[in-house]
Amino acid sequence: MQIAGQTILVSGGSSGLGAATARRFLDLGASIVIADLASPDESLSDDYQSRVFHQPTNVTSEEDVRSVIAEGENRLGPLRGAVICAGIAHAERVVGRDGAASLEAFRKVIEVNLIGTFNVARLAAEAIARHEPMDDEERGAIVMTASIAAFDGQIGQSAYAASKGGVAALALPLARDLARHGIRVNVIAPGVFETAMFADVSDEIRESLIQQIPFPHRLGHADEFAALAQHAFENVMLNGTTIRLDGALRMGAK
Ligand SMILES: NC(=O)c1ccc[n+]([C@@H]2O[C@H](COP(=O)([O-])OP(=O)(O)OC[C@H]3O[C@@H](n4cnc5c(N)ncnc54)[C@H](O)[C@@H]3O)[C@@H](O)[C@H]2O)c1
């Protein structure tokens, strides 16, 4: 589907990969509903004014997500897609110096990264399914964000890897379920990207990860993620799959 003129929700759109996607899609002529706990950069509303709508949203809450979709559609028009980026990181060994890993922390990561992703996907799909089909009988598209940790989980990444493995596993069943409504679903599994999330990583881990990236030998730029999300919207044959975006990085144990 063409992005210009469509209303698309971006969860986690106030920072990092989501913010870059919101900006790229706005540049292409879309209207963007930002579903994020945090507010987007003020420059976004200055630059795009009536084509951006943000409402504080916790992706794990049914009420919050229903409300941002309803209000977003009221202001910007029928929802045609979602790019689901909201997520949190967590690192903890299964058994560390203080004993077994925290179950509470594990639950929280699954709650935000996996359940939050499914919550946004299901409610966005419900809204998109109400609208008329466009070319190729397509009604809309959804892009979810996993991580290469879904496949190459490192030491300390059990919760994060489990949450992202769950997101990757959703690509095919969601695409199959939503095919009858003309909605495609794909997952992007990024390698390591320069964002606020990555800023917290220690210099040692950062250097080790960059050393492991064959080419290009650097962190990814958020707009390179946004460019792939754009392609996932525009290429109607792309459906039910997870694409790694990682410069051929295969992470080692640490
Ligand atoms: N940066 C990387 O290297 C990298 C690599 C692989 C995967 N990812 C994934 O990409 C996604 C985006 O990450 P990023 O690097 O842009 O991080 P980021 O920290 O820059 O942005 C994440 C955004 O999600 C929002 N958020 C967090 N919890 C939320 C909640 N419960 N409800 C609503 N909003 C919430 C935050 O407010 C923030 O704006 C995440 O799912 C992350 O796991 C990032």
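Counting convention: from 1, in listed order, for ligands and their atoms alike.
A salt bridge does not link E204 with K254: every distance from a Lys NZ or Arg NE/NH1/NH2 to an Asp or Glu carboxylate oxygen is 4.0 Å or more.
Below 3.5 Å of separation, one finds no N or O of V112 facing any N or O of ligand 1.
Hydrophobic clustering of Ile, Leu, Val, Met, Phe, Trp and Tyr side chains at less than 4.5 Å, counting indirect connections, unites F118 with I128. Under a hydrophobic-cluster definition in which Ile, Leu, Val, Met, Phe, Trp and Tyr are linked whenever side-chain heavy atoms come within less than 4.5 Å, directly or via other members, M1 and F25 are assigned to the same cluster. Note on L228 and L170: separate hydrophobic clusters, where clusters join Ile, Leu, Val, Met, Phe, Trp and Tyr whose side-chain heavy atoms are under 4.5 Å apart, directly or indirectly. Taken together through direct or relayed side-chain contacts under 4.5 Å among Ile, Leu, Val, Met, Phe, Trp and Tyr, I142 and V33 form part of one hydrophobic cluster.
Taking every heavy atom of V192 and a limit of under 4.0 angstrom, the matching atoms of ligand 1 come to 3 (O). The atoms of ligand 1 that sit less than 4.0 Å from any heavy atom of L37 are 29 (C), 30 (C), 31 (N), 32 (N), 33 (C), 34 (N). Under a 4.0 Å criterion applied to the non-hydrogen atoms of Y160, ligand 1 contributes the atoms 6 (C), 7 (C), 8 (N), 9 (C), 42 (C), 43 (O). Near A146, meaning under 4.0 Å from any of its heavy atoms, are these atoms of ligand 1: 7 (C), 9 (C). Near N58, the atoms of ligand 1 lying under 4.0 angstrom from a non-hydrogen atom of the residue are 30 (C), 31 (N), 32 (N). Annotation for ligand 1: atoms under 4.0 Å from non-hydrogen atoms of G16 are 16 (O), 20 (O). Applying the 4.0 Å criterion to heavy atoms of T145 picks out, from ligand 1, the atoms 9 (C), 10 (O), 11 (C). Those atoms of ligand 1 with a heavy atom of F193 less than 4.0 angstrom away are 1 (N), 2 (C), 3 (O).
Across all their heavy atoms, L238 and R184 have their closest contact at O-NH1, 2.7 Å. Closest approach of A146 to A168, counting heavy atoms only: CB-N, 4.3 Å.
Checking Q6 against Q2 by side-chain atom types alone, no donor-acceptor pair falls below 3.5 Å. Checking H217 against Q212 by side-chain atom types alone, no donor-acceptor pair falls below 3.5 Å. For S43 and R23, the side-chain atoms include at least one donor-acceptor pair closer than 3.5 Å.
For atom 44 (C) of ligand 1, the nearest non-hydrogen atom of the protein is L17 CD1, 3.9 Å. Among protein heavy atoms, atom 13 (O) of ligand 1 sits closest to M197 CE, 3.9 Å. The protein atom (non-hydrogen) at minimum distance from atom 22 (C) of ligand 1 is G87 O, 4.0 Å. The nearest protein atom to atom 32 (N) of ligand 1, hydrogens excluded, is given as V59 N, 3.0 Å; this is a heavy-atom distance. In terms of protein heavy-atom proximity, atom 33 (C) of ligand 1 is closest to T57 O, 3.1 Å. For atom 5 (C) of ligand 1, the closest heavy atom belonging to the protein is G191 O, 2.9 Å. Ranking protein heavy atoms by distance to atom 1 (N) of ligand 1, first place goes to T195 OG1, 3.1 Å.
Looking at A89 against ligand 1, nothing comes within 4.0 Å, counting heavy atoms. At a heavy-atom distance under 4.0 Å, no atom of N113 approaches ligand 1.
Considering each of D36, V167, D246, the one bringing a non-hydrogen atom nearest atom 37 (O) of ligand 1 is D36. The residue from S15, G18, G12 that puts a heavy atom closest to atom 18 (P) of ligand 1 is S15. For atom 24 (O) of ligand 1, the nearest non-hydrogen atom from the set A86, S61, S14 comes from A86. Closest to atom 40 (C) of ligand 1 by heavy atom, among G13, P56, C85, is C85.
In this structure, CG on D64 lies 8.0 Å from CG on L37, to the nearest 0.5 angstrom. Between atom OG1 of residue T117 and atom CD1 of residue I110 there is a gap of 10.5 Å, rounded to the nearest 0.5 Å.
Ligand 1 lies within reach of K164, whose nearest heavy atom is under 4.0 Å from it. Residue contact annotation: A189 has no non-hydrogen atom under 4.0 Å from ligand 1.
In the displayed structure, D46 atom CG is contacted under 6.0 Å by more than 12 heavy atoms of other residues, nucleotides or ligands.
Side-chain contact between S39 and H54: present, with at least one pair of heavy atoms (C-beta onward) separated by less than 4.5 Å.
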